Number of protein chains: 2
Amino acid sequence: MLHEEVVGRVRAMLLDGEIPPGARIPERDLCEKLQISRTPLREALKVLAAEGLVQLLPNRGSRAARLTDKDMRDLFEVCQGLEALAGELACERITDAEVAEVAAVHAAMVRHYGDRDLLQYYRCNRTIHEAIIAAAGNPVLSGLYESVTARIRRARYVTPMTPRRWALAVQEHEAILNALQRRDGVGLSHILRAHLRHKREEVLQAGFAETEPQNEARAS
Amino acid sequence: MLHEEVVGRVRAMLLDGEIPPGARIPERDLCEKLQISRTPLREALKVLAAEGLVQLLPNRGSRAARLTDKDMRDLFEVCQGLEALAGELACERITDAEVAEVAAVHAAMVRHYGDRDLLQYYRCNRTIHEAIIAAAGNPVLSGLYESVTARIRRARYVTPMTPRRWALAVQEHEAILNALQRRDGVGLSHILRAHLRHKREEVLQAGFAETEPQNEARAS
DNA sequence: ATAACCATTTTTGCATTCAAATTGGATCTT
DNA sequence: AAGATCCAATTTGAATGCAAAAATGGTTAT
């Protein structure tokens, strides 16, 4: 198993909640589960700690990082900034074919909204946001976005929406597509910022923070 | 020596050019120089690879990453986005005392401009930009900014400026301070974006990219 | 009964060791 | 003599072993 694969596997376990926030990570157990020795696992844990997914306690091992409300707010703020930047850049660089692709996904998303199929709706939603990032053509941006959004993904794409809020989100997405079609970078960045700000308020209101000092759950 | 210290030391060697871009990094040599064994060094190298400072070649060791023109452009673009975001947030959160501090550094910077002391000018310049980031009060943002700017720092703060360009930069900084004092977040973010865009053009024109496949320099 | 202390056990951090892959050079072939 | 091939030496990647630190449990004293 390659180094990047180990990192990926453990990262997935953290993001999926298979290792719950705040849980201690006993090296021996994880080694056994992944069928590797401690050396490559420890390398992966250090990388994940640098990403903010793992918290290292000197001489006391590592735990899955826990997101506070403040962390969530900070991550959403940065995400806003990155999406706004991506929106501007995307309008300069996106091709007609790519816009058409986004339009198609958008149409599908609207249909799922009509069916009130939240799961499919979120799937299209995420595809659209990622397409805008990709269209910016900036791998540094893509990398940071991936790392930031991964940490808030569950909150972002699981939080249920009120009918009122959902309708507004769809409306905002209409504006997003429109700005993209008109290649209105400034407009798009404003809409994206507002869109994310609303999402953040929603998530924070739902109380998605991961701050329960109890629940000393171990990684099964 | 603590893990973070090893990472920091090697990172500094890479950023200072003590290990030049593109140079192979023989583990044994570096271990000897740092007086540690290969295990902790390799952990640090993986972390630095995740940061983009080191390039890992499977079974063929690691080299100091080399920045292409495209990389430089991408990093500057992201830096623009982050500073713009920081500017907006800073205007919401900065205290009068912090603004006064920025004003003082700005005044010192203008004096250094009068003396044509580029080194001191750049030092103040950097302090101001970092103060704006700090005033945003967002550790996630600060962390990403630090990691992005570290990689373009030499280009950003070493490139000589034409008298014409330098005067414009000072003018832009006047506007930055002004917007900060008026807590004009939108205005500040626009100025910062333009400021960074100018800087980027300057740097790219100076041809600061690190793309010379020859020069197989080893880390002394 | 509670709290404090000490021995035991577990876990971490790092050095060392071992196997696999790569590199460079010498030899052989054409 | 040029090129390909094979072998030794180096270097990487991962497992193991060992010392130090922390957690655990039980005992004793208050």
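In the text below, chain A, chain B and the rest are named by the order of the sequence lines, each starting its count at 1. Hydrogens, waters and symmetry mates are skipped; everything else that's a heavy atom, side chains included, is used. Just so you know, these numbers come straight off a predicted model, no measurement behind them.
D:dA22 atom P lies 12 Å from atom CZ of A:Arg24, rounded to whole Å. Distance, B:Glu43 CD to D:dA14 C1': 13 Å, rounded to whole Å. Rounded to whole Å, the distance from CG on A:Leu57 to C1' on C:dG13 is 14 Å. Across the protein-nucleic acid pair, A:Leu56 atom CG and C:dT11 atom C1' stand 15 Å apart, rounded to whole Å. If you take CG of B:Leu41 and C1' of D:dG13, they are 13 Å apart, rounded to a whole angstrom. When the C1' atom of C:dC14 is taken as reference, atom CD of B:Glu5 falls 15 Å away, rounded to whole Å. Between B:Leu30 atom CG and D:dT12 atom P the separation is 11 Å, expressed in whole Å. Atom CD in B:Glu27 sits roughly 12 Å away from atom C1' in D:dA14 (whole-Å rounding).
Residue order along DNA chain D, read from the 5' end via each residue's closest nucleotide, puts B:Ser62 first among B:Ser62 and A:Pro40.
One finds no salt bridge joining A:Glu4 and B:Lys46 here, because no Lys/Arg side-chain nitrogen approaches an Asp/Glu carboxylate oxygen to under 4.0 Å. A salt bridge links B:Asp74 with B:Lys70; the closest basic N to acidic carboxylate O contact falls under 4.0 Å.
The neighbour count for B:Arg28 CZ, taken as heavy atoms of other residues, nucleotides or ligands under 6.0 Å away, does not exceed 12.
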Problem - Protein proximity profile, nucleotides 16-22 of chain C - base contact B, sugar-phosphate-only contact S, no contact -, cut-off 4.0 Å on heavy atoms - result: BB---SS
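Residues from residues 44-52 of chain A lying near DNA chain D, meaning a heavy-atom separation below 4.0 Å, are absent.
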Exercise for the section: Could you walk me through whether A:Arg93 and B:Glu77 pass the salt bridge (Lys or Arg N to Asp or Glu O under 4.0 Å) test, one step at a time? Expected result: CA-CA 14 Å; A:Arg93 298 168 187 172; B:Glu77 269 177 10; 2.4 Å; yes
Handout entry: CA sep, side-chain torsions, deciding dist, call: A:Arg200, A:Glu83, salt bridge (Lys or Arg N to Asp or Glu O under 4.0 Å)
Key = CA-CA 14 Å; A:Arg200 181 189 64 198; A:Glu83 287 209 20; over 6 Å; no
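Residues satisfying the ring pair (Phe, Tyr, Trp, His ring centres under 6.0 Å) test with A:His195, not counting sequence neighbours, are A:His129, A:His173.
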